[in-house]
Amino acid sequence: MVEEKKLPDLPNVEIGKVVMRLAPSPSGPLHIGHARMAILNDEYVKRYKGKLILRIEDTNPANILPEAYKMIEDDLKWLEVDYQEVVIQSDRFELYYDVMEKLIMMEKAYVSTTPTEIFKAKRQQSIAINERNDPAESNLRRWDKMLNGEFKKGEAYAVIKTDLTHPNPAIRDFIAFRIIETPHPLKGNKYRVYPMMNFSVATDDHFLGLTHVIRGKDHLANTEKQKYIFNYFGWSLPFYLHYGKVSIENSILKTSIIKKGIANGEFKGWDDPRLGTLLAMKKRGINPKAIRRYWVETGIGDVDIKFSWENLYAFNKHIIDPESPRHFFVLNPVKLELILEGIIKVKMPVYPKKEDTPFREYEIRKGQVYITQEDYNKFIGKEIRLKDLGNFKLEEGKLQYIDNDLSKIKQGIPIIHWLQSDFVDFEIVKPDGTIDKGILEKHALNYIGKVNQLERYGYTNILNEKLGYYTHP
RNA sequence: GCUCCGGUGGUGUAGUCCGGUCAAGCAUAUCGGCCUUUCGAGCCGACGACACGGGUCCAAAUCCCGUCCGGAGCACCA
């Protein structure tokens, strides 16, 4: 195994004092992109013996999948990401309200009933709406009315002042609270004034004592907004690091699309092999250590990258190959007549590289034999070797025994896999959702739940006696 | 449109802050060889990149300017 790359050190580190966080929203299970965030944070916290907080950001009830709270924890556990504390943002409304009230009193925030279209248009032109210049008392009064339910959804919202003349319009005054009447899966109708992400994140990052924040570049502008809150209170800033955008091809990641697809039966579930979810990776037999190595090697650069399935597969192969039992799977089998004298005893290792490997032992006699349609078409009329059995002449509908001269291997005789008996009908789901059908050596069923190397076919996670998921070539 | 961020081989990354040791390292992919009763693994080798154009300098992947290209934000999403 080659030496693995390491992540660069973080600045301002004090061993044992580092606090970092994972901040997923519970809209669905985690996917391969989330894994980057989780693994990078986990790697650093482990290196610096710090604390990792799982903070579930559930401040938008419209976007919550109730099962996701648990799914996220399961996914992280599978990834071997260790967090020491779980914080649910919907448990912290009182804190958010309290912080907001202080900001209003400091005249760093205001509460508006101006239609947001006007607010946005004026902000674009660096013009303040009326309420921005109101004294704290007026804004506080409106804030109380907001909390008391005197405004309906859309009638009022609370805003953090930044700098209306900021050259970047994305940084100017931003909304911190809005009214939501949709019940929250955990809190029901207890709250109707919900913080926006920039507000709750800044508040929590401070009160949870974060020292370092690692997240995607898409949060660059959010970080700038959040800094205003830090500065108003004089809180010390964590060290921020933003990594680049990842584009993942040949995979579906958007929870909204997945939910729809599951509902209409297009996808089998959250672990459908076409999805980029960690559940799908797990089902396919991708080892979590391969995912970790992939993201560690990719590092924390701020350049935008394309996710490479090829590289992930290569890492996975290194990890699983030594532990993958070898078996035969004959895809699209062709039944041939096997012609030979007497009985040939074959003994094939399950783990060819291990000294204490178990074996698959068979007594082969004349009768039937199966090889793949592809091999049949390719080698008809030629002499081939049935692996571990002997050399045969392949003719139409039959295989005629010639000899067991092993020196022919050196000369380059094609070696193919085969099955005579002791097999089961088997289906393998490919990453594109299609299904390969064939027959699987029965012995492989002793290794259900493991990734098997089906020789000359590919690595496959054997799920049960009828079905497997293709891992990769 | 406005504002940010970035561009090293097919892919990912090291080097860029503090210019020379970088005619650019590593991984993966591809190709070839060895080994192996798998088209797998392993070993060896080859191929292949500093986006473009100017400038500064004895010297630039590294600093400056421009161009092109990619990405992000300008949500009562996170």
Side-chain angles (χ1 to χ4, degrees), chain A residues 1-6 8 23-27 57-60 62-64 89 112 115-116 119-120 123-124 153-159 166-172 174-180 193-198 200-201 215-225 242 244-247 255-256 293-315 317-318 320-322 324 326-328 346 348-349 352-353 374-375 385-391 404 406-410 413-417 453-459 472-473:
Chain A
M1 176 79 75
V2 268
E3 196 178 321
E4 290 184 21
K5 241 185 74 181
K6 275 187 70 185
S25 69
S27 53
E57 308 206 328
D58 58 346
T59 53
N60 180 13
N63 193 30
I64 295 174
Q89 286 194 318
S112 171
T116 44
F119 165 69
K120 284 196 269 190
R123 180 177 59 183
Q124 201 65 26
K153 180 181 184 312
E155 288 180 351
Y157 51 93
V159 182
H166 198 289
N168 186 351
I171 310 293
R172 297 174 195 160
F174 63 91
I175 296 182
F177 285 87
R178 80 290 207 190
I179 295 165
I180 293 181
V193 175
Y194 280 74
M196 297 289 288
M197 172 263 204
N198 276 311
S200 50
V201 164
R215 53 175 163 175
K217 217 165 74 166
D218 49 322
H219 287 296
L220 235 21
N222 290 324
T223 299
E224 288 311 304
K225 295 183 196 178
H242 300 89
K245 186 202 153 119
V246 188
S247 60
T255 40
S256 52
R293 178 155 175 232
Y294 182 89
W295 287 124
V296 168
E297 298 230 351
T298 297
I300 48 172
D302 51 4
V303 301
D304 300 335
I305 59 165
K306 258 188 254 170
F307 182 81
S308 165
W309 289 102
E310 229 173 38
N311 286 15
L312 177 68
Y313 293 165
F315 294 151
K317 209 183 285 180
H318 287 311
I320 65 173
D321 182 73
S324 298
R326 266 58 169 178
H327 288 103
F328 286 166
V346 300
M348 303 187 282
K353 294 290 180 283
E374 192 187 347
D375 286 335
R385 180 170 178 79
L386 299 191
K387 192 174 184 234
D388 292 306
L389 216 203
N391 306 317
N404 193 27
L406 291 173
S407 71
K408 286 179 178 171
I409 295 167
K410 273 250 186 270
I413 188 172
I415 300 170
I416 68 166
H417 60 293
Q453 192 204 110
L454 304 181
E455 295 192 43
R456 301 182 65 243
Y457 172 78
Y459 296 87
H472 49 63

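Worth saying up front: this structure is predicted, and the values here are computed from it rather than measured. Chain letters run A, B, ... following the sequence lines, proteins first and then strands; every chain starts at 1.
The residue A:Y459 sits close only to the backbone: its heavy atoms come under 4.0 Å of sugar-phosphate atoms, none of a base. Among the heavy atoms of the strands, none lies under 4.0 Å from A:M348. As judged by a 4.0 angstrom heavy-atom cut-off over every strand, A:N198 is placed among residues making no nucleic acid contact. Counting any heavy atom pair closer than 4.0 Å across all strands shown, A:K410 reaches sugar-phosphate atoms only and no base atom. Residue contacts for A:T59: at a heavy-atom cut-off of 4.0 Å it reaches the sugar-phosphate backbone alone, with no base atom in range. Contacts of A:I409 with the nucleic acid, taken as non-hydrogen atoms under 4.0 Å apart, include base atoms. A:T116 comes within contact range of at least one nucleobase, with a heavy-atom separation under 4.0 Å. Backbone-only engagement by A:F315 is indicated by non-hydrogen atom pairs under 4.0 Å involving sugar-phosphate atoms exclusively. The residue A:N60 sits close only to the backbone: its heavy atoms come under 4.0 Å of sugar-phosphate atoms, none of a base. Within 4.0 Å (heavy atoms only), A:Q124 reaches at least one base atom of the nucleic acid.
The listed nucleotides are B:C5, B:A29, B:C76; the one nearest the side chain of A:R178 is B:C76. Looking at the side chain of A:Q453, the nearest of the listed nucleotides B:A75, B:G12, B:G40 is B:G40. Closest to the side chain of A:L406, from the set B:A41, B:U37, B:C77, is B:U37. The side chain of A:E57 sits closest to B:A78 out of B:A78, B:G6, B:G73. Among B:A41, B:C5, B:A78, the nucleotide with an atom closest to any side-chain atom of A:K217 is B:C5. Nearest nucleotide to the A:P352 side chain, out of B:U36, B:A78, B:U38: B:U38. When each of B:U37, B:A41, B:U13 is scored by its nearest atom to the side-chain atoms of A:V303, the top-ranked nucleotide is B:U13.
Ring geometry for A:W309 against A:F307 counts as perpendicular: the plane angle is over 60°, on a 0 to 90° scale with 30° as the lower cut.
Here B:C74 presents its P atom at 9 Å from CZ of A:R123, a figure rounded to the nearest Å. When rounded to the nearest whole Å, the span between CD of A:E455 and P of B:A41 equals 13 Å. If you measure from atom NE2 of A:H219 to atom P of B:C77, you get 15 Å, rounded to the nearest angstrom. As a whole-Å value, the separation of A:D321 CG from B:U36 C1' is 13 Å. The CG-P distance, from A:D218 to B:C77, rounds to 17 Å in whole Å. In this structure, NE2 of A:H318 is placed 12 Å from C1' of B:A29, rounded to the nearest angstrom. Rounded to an integer number of Å, the gap from A:E310 CD to B:G12 P is 11 Å. Across the protein-nucleic acid pair, A:I179 atom CD1 and B:A75 atom P stand 19 Å apart, rounded to whole Å.
Of the two residues contacting RNA chain B, namely A:K387 and A:D302, the nearest-nucleotide position lying further toward the 5' end is that of A:D302. Along RNA chain B, the nucleotide closest to A:D375 and the one closest to A:Y157 are compared, and the more 5′ of them pairs with A:D375.
For the C1' atoms, the distance from B:G7 to B:A51 is 7 Å, rounded to whole Å. Going from the C1' atom of B:C26 to that of B:U8 covers 13 Å, rounded to whole Å. Comparing the C1' positions of B:G1 and B:G12 gives an interatomic distance of 35 Å, to the nearest angstrom. As rounded to the nearest Å, B:G32 and B:A23 have C1' atoms that lie 25 Å from one another. For the C1' atoms, the distance linking B:G25 with B:U21 amounts to 13 Å, nearest Å. Remark: the separation of the P atoms in B:G19 and B:C63 is 9 Å, to the nearest Å. Atom C1' of B:U56 sits at a distance of 14 Å from the matching atom of B:U62, rounded to the whole Å. Taking atom P on both nucleotides, B:G53 is separated from B:G9 by 15 Å, rounded to a whole Å.
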- [ ] Take A:H472 and A:I320 through the side chain to side chain contact (heavy atoms under 4.5 Å, CB included) test and state the conclusion after the steps.
- [x] CA-CA 11 Å; A:H472 49 63; A:I320 65 173; 4.0 Å; yes

TODO: Assess whether side chain to side chain contact (heavy atoms under 4.5 Å, CB included) is satisfied between A:H219 and A:M197, documenting all intermediate values.
DONE: CA-CA 11 Å; A:H219 287 296; A:M197 172 263 204; 3.1 Å; yes

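Taking only side-chain nitrogens and oxygens, A:K120 never comes nearer than 4.0 Å to OP1 or OP2 of B:C74. The shortest distance between the side-chain N/O atoms of A:K245 and the OP1/OP2 oxygens of B:G6 is not below 4.0 Å. Regarding contacts with the backbone of B:G40, every side-chain N or O of A:K353 stays at 4.0 angstrom or more from both OP1 and OP2. In terms of phosphate contacts, A:S247 brings no side-chain nitrogen or oxygen within less than 4.0 Å of OP1 or OP2 of B:G71. Side-chain nitrogen and oxygen atoms of A:R172 include none within less than 4.0 Å of the OP1 or OP2 phosphate oxygen of B:C4. OP1 and OP2 of B:G12 both lie 4.0 Å or more from every side-chain N or O belonging to A:R293.
The structure places CD of A:Q124 at 6.0 Å from CZ of A:R172, a figure rounded to the nearest 0.5 Å. Atoms CG and CD1, on A:D375 and A:I415 in that order, are 12.0 Å from each other to the nearest 0.5 Å. A:I409 CD1 to A:R385 CZ: the interatomic distance, rounded to the nearest 0.5 Å, is 4.5 Å. Considering OG of A:S247 and CD1 of A:I305, their distance stands at 8.0 Å, rounded to 0.5 Å. Here the OG1 atom belonging to A:T298 is positioned 11.0 Å from the CZ atom belonging to A:R293, to the nearest 0.5 angstrom. Distance CD/A:E455 to NE2/A:H327: 9.5 Å, rounded to 0.5 Å.
Salt-bridge formation is not detected for the pair A:D321/A:K353: no Lys NZ or Arg NE/NH1/NH2 atom is positioned less than 4.0 Å from an Asp or Glu carboxylate oxygen.
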TODO: Taking Watson-Crick and G-U wobble pairs with both distances under 3.5 Å, convert RNA chain B into its dot-bracket string, 5' to 3', dots for unpaired and | for cross-strand pairs.
DONE: (((((((..((((......[....)))).(((((.......)))))....(((((..]....))))))))))))....

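Residues satisfying the salt bridge (Lys or Arg N to Asp or Glu O under 4.0 Å) criterion with A:K317, sequence neighbours excluded, are absent altogether.
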